[in-house]
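Have a look at the structure below before the remarks.
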Amino acid sequence: MADDDDDLMRRAEALIERHRGAAFPPLIDLADIPTLTEAVEPVAEGVGIRAPNDAVRMDAKAIVLPSEPSVPPGHGLQVPSAGAGGEVIARVQVQNLEHSVYQKLRRELDERIAEVLQDRFMPDIGSALDQVLKKISEGLKSDIGAMVRASIEETLHTQLKALRVGLESKTAEPASGQLGSDIMPAFSASPTPDMELAKSFEPAAIEARWYPFWESSGYFRSNSDQSKPAYCIQLPPPNVTGTLHMGHAFQQTLMDALIRYHRMCGYNTNWIVGTDHAGIATQIVVERQLQAEGRTRHDLGREAFVKRVWEWKQQSGSTITRQMRRLGASANWGYADTEGQSAGYFTMDEKMSRAVVEVFVRMREQGLIYRGKRLVNWDPVLGTAVSDLEVEAEEEDGKLWEIRYPLEDGTGSVVVATTRPETMLGDVAVAVHPQDERYRPLLGKRVWLPLTGRTIPVIADDSVDPEFGTGCVKVTPGHDFNDYQIWTRHRDAELRDAPQGGLISIFTLDARIKPSGLDDLIPQPYRGLDRFAARAQIARDLAATGHLVSEKPYKLRVPRSGRTEEIVEPMLTDQWFVQMEDLARRGLGAVAGGEVRFFPEHWTTTYNHWLENIQDWCISRQLWWGHRIPAWYGDDGAVYVARDEAEARAQAAARGYSGALKRDEDVLDTWFSSALVPFTALGWPEKTKDLELFLPSSVLVTGFDIIFFWVARMIMMTQHFTDKVPFRHVYINAIVRDAEGEKMSKSKGNTLDPLDLIDGITLEELLAKSTSGLLLTDHRQKAYRYVRQHFPEGIPAFGADALRFTFASLATFARTLNFDLNRCEGYRNFCNKLWNATRFVLMNCEGKDTGVDESLPVELSFADRWIVSRLQRAEQAVHEGYRDYRFDMLAREIYELTWDEYCDWYVEIAKVQIANGSESQQRGTRRTLTRVLEAILRLAHPVIPFITEELWQKVAPLAGRRGPSIMIQPYPRPQPERIDETAETWMGRLKDVVNACRTLRSDMGVAPGQRMPLFVQGDRDEIGPLVPYLMALARLSEVLVTDRELPKVDAPVSMVGKCRLMLKVEIEPAVERARLRKEKARLESEIAKCDAKLGNAEFVKRAPPLIVAQEKERLARFKVALAQIEEQLRRLG
RNA sequence: AGGCGCGUAGCUCAGCUGGCUAGAGCGCAUCCUUGACAUGGAUGAGGUCGUUGGUUCGACUCCAAUCGCGCCUACCA
């Protein structure tokens, strides 16, 4: 694999090297592109402009033809510009090149280039280049060919450069042993490569360059600086077995944005990360591996098995943390990193394990942990207890059997219903409601339990619903939670003399009927049968003996183990429990008292509801992988809970026992150790400084699915052991779904791998990936279809920044997040926009006076002051977004500021000011251009870290800022004194007038290149300063402002505020009439609405005066406008 | 059975404590390669804000009911 890459790399290198320096030979045979020859030749014939030198070429944007300086009419516009050799070069816009043809041409060229270049999935770059080089030798004959060739060469050079970078980063040696080249291409950090910015944004190389630089510079680390406020986030530790999925990527994006934001705001940030040993999940993975080898864990034995899990953990354990790095996560990797993998803590490392034992021992001493025989959810395949939360009950099709139990005295019978007839072997009673008149006479009597020859009593219990079924319930306390409760109420009365004390456990731990040991209770034929076999047999026998009343289809909720999907069996076993009542009360208090706040707030309800109805927590698991319970048993049955065996022995000795001690075989529920992470990761039980500094942490970002599993338990445990809450805020993020709102699942094929969105993936690869590992043909086909339909061309590489921006934009307070690839594309385009805006600024400012020297005079226009003012408002809004966890709002604010204001308006204005302005005006413009951009980059950095770093390095010096990295620069703070409402008013007017002109042009069907005069009737002082900008932005030839009536000519007129605009342009009366009628209709409907409001006496009386005044002013404005429209219409006839 | 969330343009979503013509992106239509950007620019079409009722001068926004979708919790055999 690596060898192949190396070889490929060498061959590509050699090829590139061979053709470097001298003109790169053209790689594309023009004969392959029919559109090009068809489209260009006719124009070329008639034109023939002579080139001043050989450098003239066609680029992808305009076709420049060498010829005499004359262009035949009808073929295009002539735009003179100074030629390099003093001659005039005509730039010809080829008008007879149909748009569709042009598009087609571009596409064909692009395709051809892409074919040649291939991307990094190309299996053999070398041979592709060889192939292409063959064509080169044939050369091209025509002049146009030469020009096209030159253009393609340039494109190729750019792309080859990118390709080289990609290849280098792909094959370079990892900087440190932890970074696998497959996941995180390492790059020997050179922060400021002195290259010009590429024509468009290419994320791969940028991302590869900056992450290792940041990490190795130590920017992610926290410190013990007490003068800075602390800001801390605990990462929900992902499973060591896991790989990054969309949910992780989403959460981590938000966490990273918060961390980067606060770091730049001057906080001492600490993003604590780690991985979870994930008991059951991990054990299952390794057991599957063994299964593939034809072995089981029992073949290995406990010790060897655990060793094997550790080995596997070491090997694959940091996959997910490496993937996190691809997203740009600025986590404190080295913190609590006892494993030396730069991946934070591991919940089973030595330090964490010690803390777990300490917690267990203390809670036992405090009487909060107890051991007992209880009914628990049992997974018969895994052979372990699972907690209530790990059981998922889905509605499934089953059957309901009604069974007749005859009265012992022969006076009749009762009928009970069950979905699990096999459990009747463990019945100890029949229960009815105490007030149920039908059965009152039966109370105290006994009924025959069919097939067994036993009798059981009829008892009364409130939990029986007389309305349901027959109103009679069979009671099986050993295999039903509800019945167990009934048993606890009757065990000392009616059930006192029942066999086994009324608690009969009929199953073995692998869910077969006990083959022995209950010979007096279980008839011979059923002994040893699997539970489902027993069910069938018993149903048959009941029918045969006439006890079966009915058997009908029935929908019931089947409890299945979350891990194995196996039907869970309530089973009577010895387990360890945590007593929850007191802990829960405190946990409720923390939220009720506001020490912990949920965002969005409504999750509080869910949290409260669970804690108010909490059951004791079964924490023991009959597994091998996990924290082994620190309890030792003597031969006499005594239990010693201790920190280690020596301590247990001392305890035993104190009680006069010196015999053998056997350690408990069970391990703890994974969530037990997870619940401790908020303080154990900070060094507890030692009294560390970090416990002071970083507890409580600032916010927990997590999904609602683990509010119970994790959030609530962390709150309770942390309070209990530290008297602090674990975190102040809990941000519950949305669940990521696909674009149609469907749950992402492997079997549907609608999962997305965040890394594929970053790097891109071909259709073939995606298909292979989505269908692999699916066992059912049905699933494979479904997945195949989904992928074909939704990603017909694979997924393009959007880059980490675009993905992050998408997540931020979709992070509303909604419960689900429908991930739409189109939005991802939109934000990739945004990155490109930012990239190109920066290119523009650099082209215009690099090597020029950008006002860094503060002593030189600077003149600022209203437009300069406006964009600065607008920036302050955006900064304010972004701060508020972070404060309220409204990532969608802040992303939107950044997007609009950058694109709609800075790019669409300010950059265009800056062009005017640089072209026409005085020295100090130009200085002011360049200064504003660079400083606002620099601020935008910092503002956006927490969300899109890579591109902002890359661009900032170049922009910052022009804006008078220095520093090694944007990520440790101060975050922009709004300066209210720079909000300039006057400038905003001016700018608002400019936008209105420009927009009005553009609309008129468009409505009139004016050709884009055509300039015409604009007449404005209005206040000279209000319009005058806008003129130079209007000329450029609205493509006018001149602007004439008058305070008198506009000349009465046929020209389109538009109202902007109190001004009337008239665009002097030839009109098509029909078109103009249509436009006016439409406008008239709009105005009439507005007037009708205003009239209705103002005609309402109540409105005028009760609405705030401001609103009423506004409405009156609107009405007046509309009326004036309408009158004018009507007059124009009249004139047009 | 309870509880929660959602329903706004063809699609994915904003719309703060009620008040200017209900917004964005994508998609669609027309036009445009003009030295930052076609991953672009300009203009436009498209919505009785799920339905009904109420409160109010005024409701996408508040209240009630109802329909549809989704989720969570629960001991209905």
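Sequence lines set the chain letters: A, B, ... in the order given, protein chains first and strands last, and positions in each chain run from 1.
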Whole-Å [atom1] distance, [N] and [M]:
N	M	atom1	answer
B:C13	B:A74	P	29 Å
B:G27	B:U12	P	15 Å
B:G23	B:A45	P	12 Å
B:G53	B:G10	P	24 Å
B:U52	B:C60	P	12 Å
B:G7	B:C49	P	14 Å
B:G25	B:C71	P	32 Å
B:U17	B:U61	P	12 Å

Does the ring center of [X] lie less than 6.0 Å from the ring center of [Y]?
X	Y	result
A:Y895	A:Y827	yes
A:F598	A:W603	no
A:F250	A:F819	no

RNA chain B nearest-nucleotide lookup for A:K1089 and A:M889: closer to the 5′ end is A:M889
Closest-nucleotide ordering on RNA chain B, the 5'-leading residue of A:R1102 and A:Q1110: A:Q1110
[N] pairs with which nucleotide, Watson-Crick or G-U wobble, both distances below 3.5 Å?
N	value
B:G58	none
B:U39	none
B:C20	none
B:G53	B:C63
B:U73	B:A1
B:U48	none
B:C26	B:G10

Within 45° of the axis and under 6.0 Å from the centre of the six-membered ring of A:F840, does NZ or CZ of A:K911 qualify?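 Yes, A:K911 sits over the ring of A:F840.
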Counting primed atoms, P, OP1 and OP2 as sugar-phosphate and everything else as base, the B/S/- map of nucleotides 67-77 of chain B against protein heavy atoms under 4.0 Å is ---SS-SBBBB
Atom-to-atom span, [atom1] of [X] to [atom2] of [N] - whole angstrom:
X	N	atom1	atom2	value
A:F1099	B:C20	CZ	C1'	11 Å
A:Y607	B:C4	OH	P	19 Å
A:L1094	B:G58	CG	P	14 Å
A:N822	B:U39	CG	C1'	13 Å
A:Y895	B:C13	OH	C1'	13 Å
A:E896	B:G15	CD	P	13 Å
A:D820	B:G27	CG	C1'	11 Å
A:R873	B:C16	CZ	P	20 Å

Among the candidates [options], find the nucleotide nearest to the side-chain atoms of [X].
X	options	answer
A:R839	B:G44, B:U43, B:A36	B:A36
A:R892	B:G23, B:C57, B:U12	B:G23
A:A1103	B:U43, B:C57, B:A36	B:C57
A:C903	B:G3, B:U39, B:A36	B:A36
A:R998	B:A42, B:U39, B:G15	B:A42

Under 4.0 Å, counting only non-hydrogen atoms across every strand here, what does [X] touch: a base, just sugar-phosphate, or nothing?
X	value
A:Y827	nothing
A:P1104	base
A:R1035	base
A:D483	nothing
A:K1112	nothing
A:A814	sugar-phosphate
A:E908	base
A:T812	sugar-phosphate

Residue [X] excluded, over 12 heavy atoms near [atom1] under 6.0 Å:
X	atom1	result
A:E601	CD	no
A:E612	CD	yes
A:K848	NZ	yes
A:K991	NZ	yes

Please confirm whether the shortest side-chain N or O distance from [X] to OP1 or OP2 of [N] is below 4.0 Å.
X	N	value
A:W899	B:G41	yes
A:N829	B:G40	yes
A:S200	B:U39	no
A:N818	B:C13	yes

Has the side chain of A:K833 got a donor or acceptor atom sitting under 3.5 Å from an opposite partner on the base of B:C37?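 Side chain to base: pair found, below 3.5 Å.
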Reference residue A:N608; test side chain to side chain contact (heavy atoms under 4.5 Å, CB included); the match among A:L611, A:T604, A:T605: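 Of all the options given, the one that passes is A:T604.
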State whether a side-chain donor-acceptor pair under 3.5 Å links A:N818 with A:D738. no
Pairs flagged by ring pair (Phe, Tyr, Trp, His ring centres under 6.0 Å) wherever residues 460-482 of chain A is involved - sequence neighbours left out: A:H479-A:F507
